[in-house]
Structure formats: C-alpha cells, structure tokens
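Following: one structure in structure tokens, then a few remarks.
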Protein chains: 2
Amino acid sequence: MSLRFAILGSLSSCPSSGYDLTRQFGLGLGWFWSASHSQIYPELKRLEDSKLIDGSFTTVGEKLEKRVYSITPAGVEALITWVTDHPQYRPNRDPERLQLIFSDLASVDDIRRHLEAHQRHYVDRRDLVRPIRDAIANGEHDRVQKRLNGKSPREQAMTLLLREFAYGGDIERAELEIAWAQRALRALDEYERRYAGND
Amino acid sequence: MSLRFAILGSLSSCPSSGYDLTRQFGLGLGWFWSASHSQIYPELKRLEDSKLIDGSFTTVGEKLEKRVYSITPAGVEALITWVTDHPQYRPNRDPERLQLIFSDLASVDDIRRHLEAHQRHYVDRRDLVRPIRDAIANGEHDRVQKRLNGKSPREQAMTLLLREFAYGGDIERAELEIAWAQRALRALDEYERRYAGND
DNA sequence: TTCTAACATGTTCATATCGACATGATGTTC
DNA sequence: GAACATCATGTCGATATGAACATGTTAGAA
C-alpha cells in the first residue's frame, strides 16, 4: 500500500513521467521503496482515476508520447494524511538470518560464505547510498533541489534534515550489518580453533 | 518463497502440526519470518505433495484430529540446498523512512510523534527478543533443545552459535534504531531552538 | 453445568509483487 | 546506413500474502 504514496511523494517534488519515476525508484527513492515499471504504470492510472494526480501528454521528437503527471491538491492532502499516520510496521521478513539459523545443517565453509556474502552486500549498499546522501547535502541532487524550490530557509533546512536522518539511518544499518558479519566470522574462526582435530 | 523453507527448517527440529507451526511463527521463528495459519496449512499440503514432509494423523481426546508432519530425507536435502544457497536480498521496503522523507509536508510535532513511535516500536521489539535469546542460551528453549538432541557437543555448539548470531543481530538492529531515533529527536530540538521565533 | 480459553484445521477473496512478454521511437556512434 | 543504448509505455500470468470467513473440540475453572 505504500507504492501509491511513494509515487505521490515523488510527484510532490516535481511532475514526472512513469519512466522518470521508474528511474527514481531505481535510484534514491529505491533505498526506501522499490518498484518496477510494471507496477508503476498501472498505479499511475489508478491515482489519476482517484484524482490524486493529473496527467498531461507531451511529445518527444516526432511521435514518441510522454505522459507527465502532476500531484493535485487532493493528492497533497492524501500524502499529508499518510505521512502524519502512525507508522505501520510490517511483518518480519529476514530470509538471510532465517537461512543462518538452519545452517547448522551445512558446513562451516558454507556458513563462512554466507557471512562473507552478507558483508559484501552491505558494503556495496553503503558505498552506493553514501554518494546519494552526500549529493543531497551538497545541493547536487536534482530532484531534492526541485523540492527545495519556493521553500523558506527554515523549510529547506527541515527537508534536508529529514533526508539526512533517512539516508544516514540506512548507512548506519549497513555498517551494523558489516560489523556483525565480521564478528560472526571471527567467532567461526574461534569455533574452528576450539574444535580443531576433535570429532 | 522462504515460507516453505521456514516450515522445513522448523520441522527439521521436531515433527509438528500446523497449529504448532503457527505458534512457532508467532514466537521465536517469527522474528525472522512470520506467517499466519492461512498460509501455513496450504503450504503444508504442497510440501506433502512434493514428498518433502510426511503427515500422520493423531486424535486428541475423542474426536479432535491432529495432523503431525515430519520432514523426509528429501526434505532435509532440499533444506540443505536452500541454506547453502547464496543469500537472496529482497527489494528494499522501508515504509517508515519513506514516510519520514516526505514528512517535510507535516508539522514538527508530527515528525516528533513518528520518531517516538519508531523508538517505542524497537524498544518493544528488543525487550521481546532478548528473553528468547537468553532462553536459548540457557537451554530453556524447548524446540531448540529438541534440535540439539542426538547432536555431538561440537554440533550443539554450532547450533547455539548460529542462534546467538541471528537473535543477537536482531537485538543490535533494534538498539541501532532506538539510538537513531533518539539522535533524530535531539536534532529536532536543536532545529526548533535555531528557528525559534523566526518565520 | 456452563462458560471460556486454547486447541485444531481449513477456505476464500482481494491485493501486492515480479518476471516475462510486447512494442515502438530517438539519438549516438561506427 | 546499421547497430545499439536509452527512452517510453504498456499487459499478462504466476505466486505471495493477509484479512476475513468458517467450523468444531477439549480442558479447566467458576
């Protein structure tokens, strides 16, 4: 149910086409909600039917049609209602650690590979998010800059503060997972030393 | 797709009924994968059709039928294949921080409430997971004890080590989120001081 | 004996999600 | 002029998930 609000939120920065949004979901926004174009286009239709967004046609070159959507006042209202809502925490889904708790059926090497993959995953993630956070802080992020347009310095500071919290939290999470995996790997080493030769 | 393996994994500790599994998903296992009985019963049927588990009937009292499932050798094999697989990281879904980045449309008080709810959520979570982790470490967790049965001391140590990693990681994550929310709340205070009276 | 909590197992429907299928235009490079 | 990456918009079908609907038993307490 968050997809519609992810779209509304993105459109509250600036009007965009389905294609623009798809790319957004593949970049910055994607760290908090990801979606493919096959979800986005039908959702845009539904949002238009609900009068929360407004579509207009443009043409690129000779024939290529582009549909650019803008958020309506009703859309802004719906978005504000949603952000103001008590956050809904979804059911836990942690397939990696689920694998891990049943990995006593696998070999120590398999477990080691699992933890190394976990570490790599979060290193990659951290290294991809950091530049985005930095670009936002340095005023080099296009869509965030558009969001700042027309806002007072006070409001601009809040927009930037919230982004800093959100991306910062994501980076901290990645760093936690990296440190966790490293500690687990060291514990595995110790386990192997303790039981070396026995059994 | 992890549901079938969550069930297989749970059955690899000891045979259980759908009802037992439902409770398991509501307790320990639920921290890594949660599911309702309406997902579990049909999945058990599918697993039985695939010969990965074996169902037998028991009667409780006079009439009440109970279907107890055990994992088959083919099921153990399928489970091992899965735990040995490279972990699959799912698309990001972080509705809370998604709300947060668009909360520049809301009031500072709304943001404060959001962060306080976030903190409470993870305090509750931490306080619920810790006793489970401790019970496992102290040998007071029934299903984990059953899993240890018939294992060598070396194997038992690995089972317990993996649980410690998994639950420990979850607790650390909760503590990170609590600290993050507290820092964000302090940053909000500072924001309000800085802009007091202006605007 | 009656009531209640817990035991026990299902189905059904709406929605979410993802990968694959499907099509075509535009701009750049070789 | 051909090839290719990117722009651009859609649909379809399989599966996942969750809430609600549906039914009945058993054990213990009041």
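Numbers restart at 1 for each chain; the letters A, B, ... are given by sequence-line order, proteins then strands.
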For the residue pair [X] and [Y], confirm or rule out a side-chain donor-acceptor distance under 3.5 Å.
{"X": "B:Arg113", "Y": "A:Thr84", "value": "no"}
{"X": "A:Arg97", "Y": "A:Asn92", "value": "no"}
{"X": "A:Arg112", "Y": "A:Ser107", "value": "no"}
{"X": "B:Ser10", "Y": "B:Arg143", "value": "yes"}

Are any non-hydrogen side-chain atoms of B:Gln24 and B:Ser16 less than 4.5 angstrom apart? no

Looking only at side-chain atoms of [X], point me to the closest of [options].
{"X": "B:Ser36", "options": "D:dG18, C:dG10, D:dT9", "value": "D:dG18"}
{"X": "B:Tyr69", "options": "C:dC21, C:dG10, C:dA8", "value": "C:dG10"}
{"X": "A:His37", "options": "C:dC21, C:dT9, C:dC18", "value": "C:dC21"}

Counting only side-chain nitrogens and oxygens, does [X] get under 4.0 Å of the OP1 or OP2 atom of [N]?
{"X": "B:Tyr19", "N": "C:dT9", "answer": "no"}
{"X": "B:Arg23", "N": "C:dA6", "answer": "no"}
{"X": "B:Tyr41", "N": "C:dT9", "answer": "yes"}

Could you tell me how far apart [X] ([atom1]) and [N] ([atom2]) are, to the nearest whole angstrom?
{"X": "B:Arg90", "N": "C:dC18", "atom1": "CZ", "atom2": "P", "value": "8 Å"}
{"X": "A:Arg46", "N": "D:dT11", "atom1": "CZ", "atom2": "P", "value": "11 Å"}
{"X": "A:Gln88", "N": "D:dA19", "atom1": "CD", "atom2": "P", "value": "10 Å"}
{"X": "B:Ile40", "N": "C:dG10", "atom1": "CD1", "atom2": "C1'", "value": "13 Å"}
{"X": "B:Lys45", "N": "C:dT12", "atom1": "NZ", "atom2": "P", "value": "11 Å"}
{"X": "B:Asn92", "N": "C:dC18", "atom1": "CG", "atom2": "P", "value": "11 Å"}
{"X": "B:Gln39", "N": "C:dT15", "atom1": "CD", "atom2": "C1'", "value": "13 Å"}

Heavy atoms only, 4.0 Å cut-off, all strands: where does A:Thr22 land among base, sugar-phosphate and nothing? nothing

Using a 4.0 Å heavy-atom cut-off across all strands, classify B:Arg93 as base, sugar-phosphate, or nothing.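 If one applies the 4.0 Å heavy-atom cut-off, B:Arg93 turns out to touch the sugar-phosphate alone, with no base involved.
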
Whether each nucleotide of nucleotides 24-29 of chain C has a protein heavy atom under 4.0 Å at its base (B), only at its sugar-phosphate (S) or at neither (-) is summarised, 5' to 3', as BSS---

In terms of the nearest nucleotide of DNA chain D, which residue is placed more toward the 5' end: A:Glu65 or A:Pro42? A:Glu65

In terms of the nearest nucleotide of DNA chain D, which residue is placed more toward the 5' end: B:Ser38 or B:Glu43?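 Its nucleotide being nearer the 5' end, the pick is B:Glu43.
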
Centroid-to-centroid, B:Tyr41 to B:Tyr19, below 6.0 Å?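 For B:Tyr41 and B:Tyr19, the ring centres are not under 6.0 Å apart.
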
Within 6.0 angstrom of B:Lys151 NZ, more than 12 heavy atoms from elsewhere: yes

Closest nucleotide of DNA chain C for A:Met1 versus for B:Lys66: which of these residues is on the 5' side? B:Lys66

